[in-house]
Amino acid sequence: MKLLVVEDNLQLSTNIKSYLSEEGYVCEVTDTYHQAIDKLYAFSYDLVALDLMLPDGTGLDLLRVIKDKFPQMGVLIISAKNALDDKLTGLNLGADDYLAKPFHLSELHARLRAIFRRRNQEGNDLVIFNEISVNVNTFEIKVGDTLLDLTRKEFELIHYLVINKNRLLTKQSIAEHLWGDYMDAADSFDFVYQHIKNIRKKISQAGGKDYIQTVYGVGYKFKEEE
């Protein structure tokens, strides 16, 4: 999953990024309203963790932009402002959940995962596509009854393809989703091809079909065989 943290407390944002990176997230951090706007228009995120108090604007204004321009993104408000009015305003504007500071990072993680499941997996930990099953709780992928031996990035890549089945994913969007925004400056995305090649081989060796369609010069689709 790819997350944008909008938080002006440097120590907190650093701790969040460190913790969630260890949990497999691609985590980007910004501390101002305008920097957040720039990132939202430049890159794609699954989730946004949003502080209400920013030095150059309000998180509620940013939430309005997200809901208008990027409705596919899940939003978790994180704020020291624990007043009922702020919570209700954020939820009424379309935020998925609200977490008051201080909080445990494990709870933050659980809230984000719950939002992602509701939005992308109908609330389930298990995503199934024909003979392929993806368990986002145990980070395991099976082809039939065969458990695949995968790196964390290979797991994330298969998961990303499956939940975006029938959609064209560019090489750049795959690279940014798995490795972060700095990949935008990469001269070549050949490493994406190598990862696709690896997971194709592992799925095939386990008896699975090849659902990855190459759109030459652009990217890949995960779809039923024609």
Side-chain angles (χ1 to χ4, degrees), residues 1-5 16-28 44-49 72-74 76 96-97 99 104-171 173-180 183 189 191-214 219-225:
M1 286 180 278
K2 189 174 180 185
L3 169 72
L4 177 63
V5 178
I16 291 173
K17 181 174 182 177
S18 177
Y19 182 88
L20 293 180
S21 294
E22 291 182 359
E23 295 295 331
Y25 287 69
V26 172
C27 192
E28 304 291 335
S44 177
Y45 299 94
D46 298 304
L47 301 166
V48 179
Q72 76 282 1
M73 294 182 193
L76 172 65
D96 295 271
D97 203 352
L99 182 61
H104 292 289
L105 293 174
S106 57
E107 182 179 4
L108 173 68
H109 182 208
R111 298 285 189 100
L112 290 169
R113 285 185 59 193
I115 292 171
F116 186 82
R117 285 198 303 269
R118 290 197 300 269
R119 284 182 159 267
N120 296 278
Q121 300 169 187
E122 299 179 350
N124 298 317
D125 283 325
L126 192 65
V127 184
I128 298 176
F129 183 88
N130 294 346
E131 72 274 21
I132 299 173
S133 60
V134 182
N135 191 318
V136 297
N137 189 41
T138 62
F139 299 103
E140 294 178 337
I141 295 179
K142 291 183 177 179
V143 175
D145 293 326
T146 303
L147 179 65
L148 299 185
D149 182 14
L150 301 170
T151 67
R152 187 59 175 266
K153 290 301 182 186
E154 288 170 348
F155 172 88
E156 293 290 348
L157 177 53
I158 295 175
H159 181 226
Y160 187 51
L161 290 168
V162 170
I163 64 174
N164 287 285
K165 58 182 180 291
N166 299 319
R167 291 179 56 193
L168 174 60
L169 301 175
T170 66
K171 295 176 184 178
S173 69
I174 292 172
E176 290 175 1
H177 184 86
L178 297 180
W179 286 276
M183 294 308 307
F189 297 105
F191 59 91
V192 173
Y193 164 78
Q194 188 60 48
H195 275 74
I196 292 288
K197 180 180 178 181
N198 290 343
I199 64 173
R200 271 180 165 151
K201 181 179 179 180
K202 291 183 179 183
I203 291 173
S204 176
Q205 288 177 339
K209 296 180 181 179
D210 183 8
Y211 299 108
I212 304 174
Q213 180 187 78
T214 301
Y220 302 92
K221 280 185 180 181
F222 195 87
K223 60 183 297 185
E224 294 275 11
E225 292 178 315

Given 3.5 Å as the limit, does a donor-acceptor pair link the side chain of [X] with the main chain of [Y], or not?
X      : Y      : result
Arg200 : Ile212 : yes
Asn135 : Leu126 : no
Asn130 : Ile132 : no
Glu176 : Ser44  : no
Ser21  : Lys17  : yes

Nearest heavy-atom pair of [X] and [Y]: which atoms, and what distance?
X      : Y      : answer
Arg118 : Asp96  : NH2-O, 3.5 Å
His159 : Phe116 : CE1-CE2, 3.5 Å
Leu112 : Leu47  : O-CD1, 3.7 Å
Ala175 : Phe191 : CB-CZ, 3.8 Å
Glu156 : Met1   : OE1-N, 3.4 Å

If you measure only the distance, is there a donor-acceptor pair under 3.5 Å linking the side chains of Arg167 and Ser173?
->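 No pair is found: no donor N or O on one side chain lies under 3.5 Å from an acceptor on the other.
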
With rounding to the nearest 0.5 Å, note down the distance linking [atom1] in [X] to [atom2] in [Y].
X      : Y      : atom1 : atom2 : value
Leu169 : Asn164 : CG    : CG    : 5.0 Å
Leu161 : His177 : CG    : NE2   : 9.5 Å
Ile196 : Thr214 : CD1   : OG1   : 7.5 Å

Strictly under 6.0 Å, is that where the ring centroids of Tyr160 and His195 end up?
->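 Centroid distance Tyr160-His195: not below 6.0 Å, so no.
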
Any heavy-atom pair between the side chains of [Y] and [X] that's under 4.5 Å?
X      : Y      : answer
Asp97  : Leu99  : no
His109 : Leu105 : no
Leu148 : Ile203 : yes
Val192 : Leu178 : no
Leu108 : Tyr19  : no

List for me each residue that meets salt bridge (charged side-chain N to carboxylate O under 4.0 Å, His left out) alongside Lys202, sequence neighbours excluded, and say none if there are none.
->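 Lys202: salt bridge (charged side-chain N to carboxylate O under 4.0 Å, His left out) contacts with Glu154.
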
Distance under 6.0 Å and angle within 45° of ring axis: Lys165 vs Phe222 =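 Checked: cation-pi criterion not met.
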
